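Note that the structure is a prediction, hence the values are computed from the model and not measured. First listed ligand is number 1; within each ligand, the first listed atom is number 1. Atoms considered below: every heavy atom in the structure, side chains included; atoms not considered: hydrogens, waters and symmetry mates. Positions are given from 1 along the sequence.
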Amino acid sequence: MIRILKIGGSILTDKNQEFAARPEEIARIASEIATCADGLVLVHGAGSFGHIPAKRYGLPQQFSPEGMRMTHLSVARLCEMVVVALSQAGVQCLPVHPLSTVMLRQGRIESFFLEPVKEMIKKGIMPVLHGDVAMDASGGAAIVSGDQIVAYLAGELQAEKVAVGSNVDGVLVSGRPLPCMTRDGLSKFKNDIGASAGVDVTGGMKGKLEELLELADRGTESVIFNAGKEGNIVRALRGEGVGTRIMRQK
Ligand code: IPE
C-alpha cells in the first residue's frame with residue numbers, strides 16, 4: 001500500500017526568513033515519520049528556501065536560469081536536511097530532485113521519470129521529493145509545487161492515502177477548519193480562504209486546494225491537516241479525523 005505525505009515548507013522553515021530552517025521541527029517530523037514509514041513517499045515544501053529566492057528572481061513569470069539555479073540549490077539543501085534527519089531517525093531514504101526528473105508544460109507536469117521512485121519503493125527505500133524549479137517546454141513558468149507533485153504521484157502510483165500537512169488545522173473559514181471540502185465548497189468559501197502567512201509563489205491554500213480537488217475528481221481523496229501538532233502525521237495517515245477531507249463533488 002502506497003501512501004503519500006506532504007510536509008509543507010511552513011513547518012520545516014520560517015517562511016518569512018531566507019534559509020531559516022527549523023531543525024527541531026525537522027527532527028520531530030522525522031521521528032514521527034519513522035513510526036509509520038512503511039510504503040510512504042515523502043514530498044516536502046520549499047518554505048523560505050524556495051519561495052524567497054524564486055520571488056527575488058521573478059519566478060515563475062520570468063525565465064531566469066540564475067534564479068532557477070539559486071532556487072534549486074537552496075531547496076536541495078533543505079532536502080538534504082530532511083534526508084539526514086530521516087536517516088538519523090532510522091528511515092532508509094533517498095532524495096529525488098524534480099528538476100532532474102520532471103518536464104513541465106505551462107506550469108503543469110507533462111512527464112515525470114518515475115522508474116527510480118518505483119524501484120526505491122520496491123526496495124523499501126523512502127523517496128523524498130520536494131517543490132522545485134523545473135524546465136518548462138512552453139518556456140514560461142518553471143516552478144513545480146510539492147502539492148502538484150503529490151497529486152501527480154498519487155495518480156501514477158495509485159496511492160491509497162494522501163495526507164498534506166501544513167501549519168494550520170485544515171481549510172480554515174473564520175478561523176475554524178472545515179470537516180470537508182468539495183468544488184462547490186471552494187466556490188462558496190473562495191473569499192474566506194486565506195493566503196499563506198509568508199512569502200508564497202505557488203498559491204498558498206487555494207493553490208493546494210486546486211491540486212487536491214483535481215485529484216479528488218480523479219477518485220482519490222486526501223486530507224489537509226496540521227503537521228505542527230505532535231501525533232497528527234500518524235493520525236492523518238491512519239485516516240483518523242484530523243483536518244479537512246478533500247472530496248469529490250457528490
Ligand atoms: C514551492 O513548493 C517550490 C518553490 C518555490 C521552488 P511548495 O509550494 O510545495 O512549498 P511550500 O510547502 O509552500 O513551502
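The single protein non-hydrogen atom nearest to atom 11 (P) of ligand 1 is His51 NE2, 3.4 Å, given as residue, atom name and distance. From the protein, the heavy atom lying nearest to atom 10 (O) of ligand 1 is Ala46 N, 3.0 Å. Of all protein heavy atoms, the one lying nearest to atom 5 (C) of ligand 1 is Gly50 C, 3.5 Å. The protein heavy atom nearest to atom 14 (O) of ligand 1 is Gly47 N, 2.7 Å. With respect to atom 8 (O) of ligand 1, the closest heavy atom belonging to the protein is Thr202 OG1, 2.5 Å.
Between the side chain of Thr220 and the main chain of Ala216, no donor-acceptor pair closer than 3.5 Å is present. Thr35 places a side-chain N or O within donor-acceptor distance of the main-chain N or O of Glu32, the cut-off being under 3.5 Å.
Residue-to-ligand polar distances keep Ser10 apart from ligand 1: every N/O pair is separated by 3.5 Å or more. Remark: ligand 1 and Gly9 share an N or O pair separated by less than 3.5 Å (distance only, no angle test). Remark: ligand 1 and Ala54 share no N or O pair separated by less than 3.5 Å (distance only, no angle test).
Nearest approach of Ala151 to Glu211, heavy atoms of both residues: CB-O, 3.9 Å. The two residues Cys36 and Val234 make their nearest non-hydrogen contact at SG-CG2, 4.0 Å. Across Ile29 and Ala227, no two heavy atoms sit closer than the pair CD1-O, 3.7 Å. Smallest separation of non-hydrogen atoms from Thr13 and Gly47: OG1-CA, 3.3 Å.
Taking every non-hydrogen atom of Gly146 and a distance limit under 4.0 Å, the qualifying atoms of ligand 1 come out as 2 (O), 7 (P), 9 (O). Each of the following atoms of ligand 1 lies closer than 4.0 Å to a heavy atom of Gly131: 2 (O), 3 (C). Short contacts between ligand 1 and Gly45, defined as distances under 4.0 Å to a heavy atom of the residue, involve ligand atoms 9 (O), 10 (O), 11 (P), 12 (O), 14 (O). Every atom of ligand 1 is numbered from 1 in the order shown, and the set under 4.0 Å from a heavy atom of Gly8 is 12 (O).
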Kindly determine whether Thr182 and Gln249 satisfy side-chain hydrogen bond (donor to acceptor under 3.5 Å, both in side chains), including the steps that lead there.
CA-CA 5 Å; Thr182 58; Gln249 194 64 50; 3.1 Å; yes
Show your reasoning for whether salt bridge (Lys or Arg N to Asp or Glu O under 4.0 Å) applies to Arg245 and Glu221.
CA-CA 7 Å; Arg245 277 172 67 194; Glu221 280 190 9; 2.9 Å; yes
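For the salt bridge (Lys or Arg N to Asp or Glu O under 4.0 Å) test, residues two or more places apart in sequence or in another chain that qualify with Lys122 are Glu119.
A donor atom on one side chain and an acceptor atom on the other are not found under 3.5 Å apart for Asn226 and Asn232.
Residue contact check for ligand 1: Lys6 places a non-hydrogen atom closer than 4.0 Å to it. Residue contacts with ligand 1 include Lys15, since one of its heavy atoms falls under 4.0 Å from the ligand.
Of the heavy atoms in Thr71, only side-chain atoms (C-beta onward) come closer than 4.0 Å to ligand 1.
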